[in-house]
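Numbers restart at 1 for each chain; the letters A, B, ... are given by sequence-line order, proteins then strands. Remember, it's a predicted structure, so these values are computed and weren't measured experimentally. FYI, side chains are in, hydrogens and waters are out, and symmetry mates aren't considered; it's all heavy atoms of this structure.
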Protein chains: 2
Amino acid sequence: MNIYDVSERANVSIATVSRVINGNPNVSEKTRNRVLAVMDELGYTPNVFARSLGLNTMRTIGIMCADSSDPWLAGAIYYLEQELRRSGYDSLLCCSGYLPETKKKYLELLLSKRVDAVILAGSHYVEARQKDNAYLIEASKELPIMLVNGCLDGKQIYSTVCDDRTAVYESVTRLIRSGRTSVLYLYAGSSYSNLQKLAGYHDACAAAGLNIRDDLVRICPKDLDGTEELLRSLASAGLKFDAVFAAEDVMAVGAVKYANKTGIKIPDEMNIIGYNNSILSRCTDPELTTVDNKVESLCTTTVTTLMKVLGGGNVPVKTTISAELIKRGTTDF
Amino acid sequence: MNIYDVSERANVSIATVSRVINGNPNVSEKTRNRVLAVMDELGYTPNVFARSLGLNTMRTIGIMCADSSDPWLAGAIYYLEQELRRSGYDSLLCCSGYLPETKKKYLELLLSKRVDAVILAGSHYVEARQKDNAYLIEASKELPIMLVNGCLDGKQIYSTVCDDRTAVYESVTRLIRSGRTSVLYLYAGSSYSNLQKLAGYHDACAAAGLNIRDDLVRICPKDLDGTEELLRSLASAGLKFDAVFAAEDVMAVGAVKYANKTGIKIPDEMNIIGYNNSILSRCTDPELTTVDNKVESLCTTTVTTLMKVLGGGNVPVKTTISAELIKRGTTDF
DNA sequence: TTGTATGCGTTATCAT
DNA sequence: ATGATAACGCATACAA
């Protein structure tokens, strides 16, 4: 069942059938209807493979993420897929894990599939060490690379980021203004957005005239048990802190659990702020104050930008979106 | 840059280049090396579109789910994608939403993309009304349809399910044996697995010699606020219950919040059991007792089965996996 | 072991 | 408005 069968049955050439398929206006109303009727009668569907070969595109975008089961990334994938489909593109999903080698390998795999562009979801794709990003620069010579919450310079690299630095700055400033003197800062790694957030923390301390205390800035496992354990060990080592700012909700949840178990009263004796406004932030008691970093906006903006890029339009290489502090029960300002 | 360029430069025919690409053993070591060297030198990558056209497959599987940001589905997608890639297949993601019409529309979209098979993740794809499933039967005439936690009869339909009915039966039985007399059962809809779970609840009541009380079986919104509100209104309407069995973790979390706010002591005055063993179940205080329905096993089994199907092997049309009750702080048995 | 020739199902160019 | 025909880049049956 192909275009020849249709053309034969409709008494036209394959060229005409092709025109009908592609909505070319140079077909008489009568012929168009006859062809459509035959296509319907035969249950004909154009072969995408042949189509792709001729057009040299499948209208497919590669979506890469480290781990699609991470709540934030799962949300991002959802919005990206929806927006892409709305624009007539399919989504090829690829979970790369967190290691630079596998990221590189999977990006190359996507390139070999000739996707029209690649969207990298999550800040993990921009590493602190410039050499770990070389493969992205390289790939961007072949096709557009869209970063969701990451930022990198390159000819065909476009970034849509949340202003994490300002968000953390403002949140920590509010903690300090409300009388907190020792804000423990927990973060999970040195990705682009983690570095931005950390800078925001430093900004806030500096603006408040506080010394940066290295003992209050800690790398923390990105899971509940690890976070609880870290806090317990810090406390038993004598570290005093009256607030926790966590760069990820899951660590903030861990902090709430630590406080609840230890009998520390939230928010009176300890304030806690999370990041992402994920569903987790609403499961604790009290519910978490958290920073909403606008996944949906980031994703729709990314796709909108991408469509302009693919359409040959001129677009900004970097778009910044503001975060929003969601006040709930773990803070008292 | 195509196979002709390579063949010319290596002084061989395109057939030989093709053989090298596809690892055909009928190529002399010497020739193979020369061709490989040229491919490397030219940075040649075979064109997947042309390849697909000839082979009539892109080695791509369509993954459909209602909403990839749902925690359970997000996990499923992750495991499915990993397993498929391990087997050399790409994943085309398609979030269909929950409406029968859109599900049908998106499935047809996937078919038109000529994927090798479709995996339907989540029990929402099998509806109670048989006519709402007709499109699946229809599609299964074209390609294999794999159901993850759903069950349906059809020539090329394969189901991998968790034994939800037994899991609920056993959990509710334990509640009753430990002295609970009124187990409120909350569920979200009439999908395949929801009906199975409900049957398990009925089984447990019957086995314990209790009457089925319709006032204890309630459809519940699948979100925190909706669940809390439902419980509040039930209580204020005079309904007494000393345990809640929720068909989804999120509702169980809502129940915990309700109890905590109302001053009902968990687990002494109320037991709560959730379903899915999602990260949510560990965020509450106390942590949720919940049923682990083995997403990872379901997904790896589904892909294993699919590979056998695609390989022409004979495979069971239905595989059942056992759930596991994870005991935490919201129960006292 | 290697090469030749053909088919895969479109789209697009150029006639008419 | 319509038709004939050449790409598109590969895999493979058949020949040598």
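- Looking at heavy-atom distances under 4.0 Å, Asn11(A) makes contact with sugar-phosphate atoms alone, never a base.
- Ion pairing between Arg85(B) and Asp90(B) holds under the 4.0 Å rule for side-chain N and carboxylate O.
- Along DNA chain C, the nucleotide nearest to Ala50(B) and the one nearest to Arg32(B) differ in position, and the one closer to the 5' end is contacted by Arg32(B).
- Proximity of Ser52(A) to the phosphate of dT10(C): no side-chain N or O atom is located under 4.0 Å from OP1 or OP2.
- In this structure, Val12(A) reaches the sugar-phosphate backbone alone: every heavy-atom distance under 4.0 Å involves primed, P, OP1 or OP2 atoms, never a base.
- Within the 4.0 Å cut-off from OP1 or OP2 of dT10(C), at least one side-chain nitrogen or oxygen of Tyr44(A) is found.
- Listed nucleotides dG9(D), dT10(C), dA13(D) differ in distance to Ala15(B); the shortest reach to its side chain belongs to dA13(D).
- For dT1(C), neither phosphate oxygen OP1 nor OP2 lies less than 4.0 angstrom from any side-chain nitrogen or oxygen of Thr31(B).
- When distances run from any side-chain atom of Pro46(A) to the nucleotides dA11(D), dT10(C), dT2(D), the shortest one goes to dT10(C).
- Between Thr16(B) and dG3(C) there is a side-chain polar atom (N or O) within less than 4.0 angstrom of OP1 or OP2.
- Checked against dG3(C), dA11(D), dT1(C), the side chain of Arg19(B) finds its nearest nucleotide in dG3(C).
- Enclosure of atom CD in Glu8(A) is not indicated, since only 12 or fewer non-hydrogen atoms of other residues, nucleotides or ligands lie within 6.0 angstrom.
- Among the nucleotides dA4(D), dA11(D), dT11(C), the one closest to any side-chain atom of Arg51(A) is dT11(C).
- In this structure, Asn47(B) does not reach the dC10(D) phosphate: none of its side-chain N or O atoms is under 4.0 Å from OP1 or OP2.
- Between Asn26(B) and dT2(C) there is no side-chain N or O to OP1 or OP2 distance below 4.0 Å.
- Phe49(B) comes within contact range of no nucleotide atom at all, as no heavy-atom separation falls under 4.0 Å.
- As a whole-Å value, the separation of Ile14(A) CD1 from dT13(C) P is 14 Å.
- Put simply, CG on Asn2(B) is 14 Å from C1' on dA11(D), counting in whole angstrom units.
- To the nearest 0.5 Å, the span separating CD1 on Ile137(B) from CG on Leu152(B) amounts to 4.5 Å.
- Distance, Arg34(B) CZ to dT1(C) P: 14 Å, rounded to whole Å.
- The side chain of Ser28(B) approaches dT2(C) more closely than any other nucleotide in the set dT2(D), dT2(C), dT5(D).
- Rounded to an integer number of Å, the gap from Glu8(A) CD to dG3(D) C1' is 15 Å.
- Phosphate contact (OP1/OP2 of dA11(D), side-chain N/O of Ser18(B), threshold under 4.0 Å): present.
- In this structure, the side chain of Gln156(B) engages the main chain of Ser140(B) through a donor-acceptor pair within 3.5 Å.
- If you measure from atom CG of Asn24(A) to atom C1' of dA12(C), you get 11 Å, rounded to the nearest angstrom.
- Checked by atom type, the side-chain pair Thr305(B)/Thr302(B) shows no donor-acceptor distance below 3.5 Å.
- Base engagement by Leu53(A) is indicated by at least one non-hydrogen atom pair under 4.0 Å involving a base atom.
- Nucleic acid contact for Asn56(B): none, since no nucleic acid atom lies under 4.0 Å from a heavy atom of the residue.
- Within 6.0 Å of the CZ atom in Arg34(B), the count of heavy atoms belonging to other residues, nucleotides or ligands exceeds 12.
- Using a 4.0 Å heavy-atom criterion, one finds that Leu55(B) contacts the sugar-phosphate atoms exclusively.
- Rounding to whole angstrom units, CE of residue Met58(B) and C1' of dA11(D) are separated by 17 Å.
- Rounded to whole Å, atom C1' of dG7(C) lies 11 Å from atom OH of Tyr4(A).
- Remark: Lys103(A) fails to qualify as a cation-pi partner of Tyr135(A) under the 6.0 Å distance and 45° angle criteria applied to the six-membered ring.
- Across the interface with DNA chain C, nearest-nucleotide mapping of Asn22(A) and Glu29(B) shows Glu29(B) to be the residue nearer the 5′ end.
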